[in-house]
Amino acid sequence: MTDARINLHADFTSVIHIALTALEASGTLPAGLPRSTVTCEPPRDPSHGDLSTNAAMVLAKPAGTNPRALAALLVAELEKEPRVVSAEIAGPGFINLRLTDDAWRGELALIAQSAADYGRSQMGGGKVVNVEYVSANPTGPMHMGHCRGAVVGDALADLLAYAGHKVIKEYYVNDAGAQVDVLARSVHMRYREALGETIEIPEGLYPGDYLVPVGQALAEEFGVTYKDAPEADWLILFRTRAVAAMMDMIRTDLATLGIHHDLFSSEAELQASGKVDAAEQYLRSHDLIYDGLLEAPKGKTLDDWEPVELPLFRSTKFGDDQDRPIKKSNGAWTYFGADLAYHFQKSQNADALVDIWGADHAGTVKRIKAAVAALTSAEGGTPKPFEVKLVQMVQLLRDGQPVKMSKRAGTFVTLSDVVAEVGKDVVRFTMLTRKPDAQMDFDFAKVIEASKDNPVFYVQYAHARICRNLKKGTDEGFMPSAENLGLLGEEELALVKLAAQFPRTVEAAAVAREPHRIAFFLHDLASAFHSYYNLGNDRPEKRFIVAHDSALTAARLFLAAQIGQVVRNGLALLGVEAAQEL
RNA sequence: GCGCCCGUAGCUCAGCAGGAUAGAGCACCAGAUUCCUAAUCUGGGGGCCAUGGGUUCGAAUCCCGUCGGGCGCACCA
């Protein structure tokens, strides 16, 4: 097993910890120095060395000495590590480590041995994380407003799984609110239309053509039965059929992006099962729900506002601005009331919860966090870990002009149109090459025109180049081999050093819940590869295939294969194809 | 009025839970192909990291104020 070494950087962090412990044990340093602030990471400037630690600087004060004196002590310890060639003190007290070339060659062999698992981490310890994302209302096809959260959520879920969690990908189907009644009425119009009536979709209903086939199917199945029937006769039936049709459409749309959820949870079923009542009773028994007067909304003046008594959840106890109603005055559950129970249900089947929401729902974060905290710690203990990750708005532009989207007006840009136009890989990579908590522009004209310049092709091209070279090598009788990795020099090992940061990048990205870091890492790795590759233009001895030197060629092809492996692993994490050729 | 997010090159964005002279792509200028589809590479110009304070050995990064942009502030979903 090589798992103890699977992350070189973590491994050397422990080497530093051991050195500190040795100095404490010998009485050279006072015992009990903190370790948490000690880092071990590659320096920005590679000329400083392979790894750098701030240990001397952050521990000088607690150790009662100065950074450079402490660094000198640590250097003496660190030089005992066989993989360390040199340990030097630099600047205000950095310790820069250089590792032996063999250590890096070993890392290269480790990539080959681990293959698709290189970078996989045990960090998550098998803890179950529920990631809920998309959860778009089932009232129409996916549009570009949903796209970013969908991609980010999916990539995050995969990232967490790769980092050692058990992940549940979940979609919450909001099939219980007023919007699905509107949907049902809209479908009823289409149903009448399918029966030959000339219709005009009234203001307030969904006018989209996508409901036409739903109406036709109902017309075929039920004929004129519900044509002139009162709404009460058909509403539930039509709603059920319409939601099912919308969810089929949404699943199809998501599939074009390579997104597949493990679990679709229905709000209507949740309510019907009595779980919402149970959650209410539970919170009431802990005095976290009471009947009280709802405050008027702040910052707005509503003409028809009247105070009304409703069952309120004490979210102010957990930092919210006001207590929130769980039921409406007509007795129906509010969205929040059902959502509260829904999160309770999720928390019972997972060790941690992550929700991916659009920034337009930011205002409800506090209350739902309050609800989870209340439900999972009402009887003591620590609340279940729960994060809401907000994905900022995507400003859609066409030739620099904002595109306004409205589902009710039927003016929206569908996800499937965009995917059909620029491709899944471009859409995914574009959404993942920026951090989620900043707004972004998505200009169709630019993305479509510039799709050739999209960074995703840059990364894929590196992979394709590697594949073609390996194939060419094979055709000419050269096989990649780890036999003579000693022939790889500084320029080749520089590539290995960069690739070796992949496991560390995976862990950091998982902890920060930032899949975009993988995308940037891949771009850097591809860039280093392309640079190296072009060395061969002027210096034929730097090519992967050096016809007269089969041992060197075998080692170089081995290097190429492993760089390709890391690129493949990274792209797989992002759900982007690693094409063999472009 | 209140809450959350953002402000880094002309443009689009990174900056790894504070670290060593601030990075990439696009655009602009000048160059480079007998392993490989140049979908690539090399070099150049271009920044008071919005702004004012604070914290400390050290701040683009953390804290507070100000300015600017976005989102939200229903028994909606």
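Residue numbers begin at 1 in each chain, while the letters A, B, ... track the order of the sequences.
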Discussion item. Does anything in residues 133-149 of chain A form a salt bridge (Lys or Arg N to Asp or Glu O under 4.0 Å)? List the pairs, not counting sequence neighbours.
Written reply: none
Worksheet item: Does A:Asp524 have any side-chain hydrogen bond (donor to acceptor under 3.5 Å, both in side chains) partners at least two apart in sequence or in another chain, and if so, which?
Response: none
Worksheet item: Should the ring pair A:His146 and A:His143 be called parallel, tilted or perpendicular, given that the plane angle runs from 0 to 90° and is split at 30 and 60?
Response: tilted
Item to complete: Please collect all salt bridge (Lys or Arg N to Asp or Glu O under 4.0 Å) contacts where either partner lies in residues 34-43 of chain A, sequence neighbours excluded, each pair once.
Response: A:Glu24-A:Arg35, A:Glu41-A:Arg504
Worksheet item: Under 4.0 Å: is that the gap between some side-chain N or O of A:Thr39 and OP1 or OP2 of B:G19?
Response: no
Response to the item:
Picking from B:A77, B:C6, B:C75, the nucleotide nearest the side-chain atoms of A:Asp437 would be B:C6
Worksheet, complete the sentence: Its glycosidic angle compared against 90° from 0, B:A22 adopts the form anti
Practice prompt. Choose from B:A14, B:A77, B:G70 the nucleotide whose nearest atom is closest to any side-chain atom of A:Asn137.
Written response: B:A77
Discussion item. Quick check: any donor-acceptor pair below 3.5 Å linking the side-chain of A:Arg465 to the base of B:C36?
Written reply: yes
Worksheet item: Quick one: is B:G3 close enough that its OP1 or OP2 comes under 4.0 Å of any side-chain N or O from A:Lys366?
Response: no
Worksheet item: Mind checking the C1' distance from B:A9 to B:A50? Whole angstroms is fine.
Response: 15 Å
Discussion item. Which nucleotide wins on minimum distance to the side chain of A:Arg504, given the candidates B:G19, B:U12, B:C16?
Written reply: B:C16
Worksheet item: Which nucleotide in the set B:C5, B:G19, B:A74 lies at the smallest distance from any side-chain heavy atom of A:Leu294?
Response: B:A74
Discussion item. Can you see if the side chain of A:Lys472 gets near the phosphate of B:U37 - specifically, an N or O under 4.0 Å from OP1 or OP2?
Written reply: no
Worksheet entry | Any donor-acceptor N/O pair under 3.5 Å between B:A20 base and A:Asn96 side chain | yes
Worksheet entry | Aromatic contact, A:Tyr532 with A:Phe544 (centres under 6.0 Å) | yes
Worksheet item: Nearest to the side chain of A:Ala359, which nucleotide is it out of B:A77, B:C71, B:G7?
Response: B:C71
Fill in: Residue A:His530, side-chain atoms from C-beta onward, closest of B:A20, B:G19, B:U40
B:U40
Item to complete: Check the distance between B:G23's P and A:Arg44's CZ and give it to me in whole angstrom.
Response: 8 Å
Worksheet item: Any side-chain N or O of A:His516 less than 4.0 Å from the OP1 or OP2 oxygen of B:G15?
Response: yes
Worksheet, complete the sentence: Residues at least two apart in sequence or cross-chain that pass side-chain hydrogen bond (donor to acceptor under 3.5 Å, both in side chains) with A:Ser315, listed by chain then number, are A:Asp320
Worksheet item: Between B:U37, B:A20, B:C41, which nucleotide has the shortest distance from any of its atoms to the side chain of A:Tyr458?
Response: B:C41
Worksheet item: To the nearest Å, how far apart are A:Asp181 CG and B:C76 P?
Response: 14 Å
Practice prompt. For RNA chain B, just give me the dot-bracket, please: Watson-Crick or G-U, both distances below 3.5 Å, ( ) intra-strand, [ ] crossing earlier pairs, | paired with another strand, . unpaired.
Written response: (((((((..((((.....[...)))).(((((.......))))).....(((((..]....))))))))))))....
Discussion item. Closest approach to the side chain of A:Tyr533, judged atom by atom: which nucleotide of B:C41, B:A20, B:C36 is it?
Written reply: B:C36
Worksheet item: Is a donor-acceptor contact shorter than 3.5 angstrom present between the side chain of A:Asn537 and the base of B:C36?
Response: yes
Worksheet item: Pick the nucleotide of RNA chain B nearest each of A:Leu535 and A:Val58; which residue has the one closer to the 5' end?
Response: A:Val58
Discussion item. Any side-chain N or O of A:Arg517 below 4.0 angstrom from OP1/OP2 of B:C16?
Written reply: no
Practice prompt. Nearest-nucleotide wise, let me know which of A:Glu514 and A:Asn469 is further upstream toward the 5' end of RNA chain B.
Written response: A:Glu514
Worksheet item: Among side-chain atoms of A:Asp45 and A:Ser47, is any donor-acceptor pair under 3.5 angstrom?
Response: yes
Item to complete: Check whether the aromatic ring of A:His361 stacks on the base of B:G72, taking stacking as ring centres less than 5.5 Å apart and planes within 30° of each other.
Response: no
Worksheet entry | Aromatic stack A:His523/B:A14: centroid gap under 5.5 Å, interplanar angle under 30° | no
Practice prompt. Hey, can you tell me if A:Phe313 and A:Phe318 have their rings parallel, tilted or perpendicular (30° and 60° cut-offs)?
Written response: parallel
Worksheet entry | Set of salt bridge (charged side-chain N to carboxylate O under 4.0 Å, His left out) partners for A:Glu581, sequence neighbours left out | A:Arg468
Worksheet item: Does a distance-only test, which skips hydrogens and angles, find a donor-acceptor pair under 3.5 Å between the side chain of A:Ser531 and the base of B:C41?
Response: no
Fill in: For atom CZ of A:Phe478 and atom P of B:C36, their distance in whole Å
13 Å
Worksheet item: Do we count A:Phe94 as stacking onto B:A20 if the rule is ring centres under 5.5 Å and planes under 30°?
Response: yes
Worksheet item: So does A:Lys327 get a side-chain nitrogen or oxygen closer than 4.0 Å to the phosphate oxygens (OP1/OP2) of B:C75?
Response: no
